[in-house]
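The structure under discussion appears below in the form of structure tokens.
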Amino acid sequence: MTRPDETMRAVEAVLFAAEEPLALADIRAYVGEEVDLAAALAALADHYAGRGIELVERGGRWHFQTAADLANFLRRDREDSRKLSRAGIETLAIIAYHEPVTRAEIEAIRGVQISKGTLDVLMEAGWIRPAGRREVPGRPLTFATTPEFLTHFGLSSRRDLPGIDDLRAAGLLDPVDLAFEAAHSGAETMVTADEED
């Protein structure tokens, strides 16, 4: 049996050399079944806390990343990034909050048809994936987010997505949506008052 410090070093080496985040089963394939992997990962995360790189877990996968507060030191003057269209952002948000979701459900929520290219762009970015077929007539394909989506947006899980109160506090809700919500809650209050009479 390996000593704890040897286990930690082995896990560190595996994660450092990995080209992509690794699940626990992937790490075990390298370091063996008999090691206390949870303890080694906790010790490594503690060891790298507050340093230039940190060990993080996103969606059940572990990897090293640059500390967020040091990102400004690593930026280059020229960035080759493509801006996601409004349709792409809306589609990604719908998938993230409602997954698994079909194309027809996305279109019903958005109120407009989406082009196949929108889903293709999100799949090329590695943020969404096909998630099987719904057991209804026509067996439509469903879509869900990927671990890469969580990693890119710095989320541990989908539970970390902002809620309605967070979005309202950040000023990200459309004033029309807020007015509609206020009118809707006012109507509910009137109905409740009528029921009490």
Measuring from atom [atom1] of [X] to atom [atom2] of [Y], what distance do you get when rounded to the nearest 0.5 angstrom?
{"X": "Leu84", "Y": "Thr91", "atom1": "CG", "atom2": "OG1", "answer": "8.5 Å"}
{"X": "Leu150", "Y": "Ser156", "atom1": "CG", "atom2": "OG", "answer": "8.0 Å"}
{"X": "Ile53", "Y": "Thr66", "atom1": "CD1", "atom2": "OG1", "answer": "7.5 Å"}
{"X": "Ile27", "Y": "Leu41", "atom1": "CD1", "atom2": "CG", "answer": "5.0 Å"}

Taking only Lys NZ, Arg NE, NH1 and NH2, and the carboxylate oxygens of Asp or Glu, determine whether Arg134 and Glu105 approach each other closer than 4.0 Å.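 Result for this pair is yes, salt bridge flagged.
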Look only at the side chain of [X] and the backbone of [Y], and say whether a donor-acceptor pair between them is shorter than 3.5 Å.
{"X": "Thr118", "Y": "Ile114", "value": "no"}
{"X": "Arg158", "Y": "Ala96", "value": "yes"}
{"X": "Thr146", "Y": "Gly126", "value": "yes"}

Is any side-chain heavy atom of [Y] closer than 4.5 Å to one of [X]?
{"X": "Arg129", "Y": "Phe143", "value": "no"}
{"X": "Leu122", "Y": "Phe149", "value": "no"}
{"X": "Ile95", "Y": "Ile106", "value": "yes"}
{"X": "Thr142", "Y": "Arg133", "value": "no"}
{"X": "Arg58", "Y": "Gln65", "value": "yes"}
{"X": "Glu135", "Y": "Arg139", "value": "yes"}
{"X": "Ile128", "Y": "Leu119", "value": "yes"}
{"X": "Phe153", "Y": "Leu92", "value": "yes"}

For Phe64 and Tyr48, take the angle between the two ring planes, folded into 0 to 90°, and tell me which bin it lands in: parallel under 30, tilted 30 to 60, perpendicular over 60.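 The rings of Phe64 and Tyr48 stand perpendicular, inter-plane angle above 60°.
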Taking all atoms of both residues into account, what is the closest heavy-atom pair of Leu70 and Gly52, and its distance?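 Looking at all heavy atoms of both residues, the shortest contact is CD1-CA, 3.6 Å.
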Mind running salt bridge (Lys or Arg N to Asp or Glu O under 4.0 Å) on Glu148 and Arg61 for me, showing each step along the way? CA-CA 10 Å; Glu148 289 79 13; Arg61 295 172 180 265; 5.8 Å; no
CD/Glu107: more than 12 non-hydrogen atoms of other groups inside 6.0 Å: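 Yes, the 6.0 Å shell around CD holds more than 12 heavy atoms from other groups.
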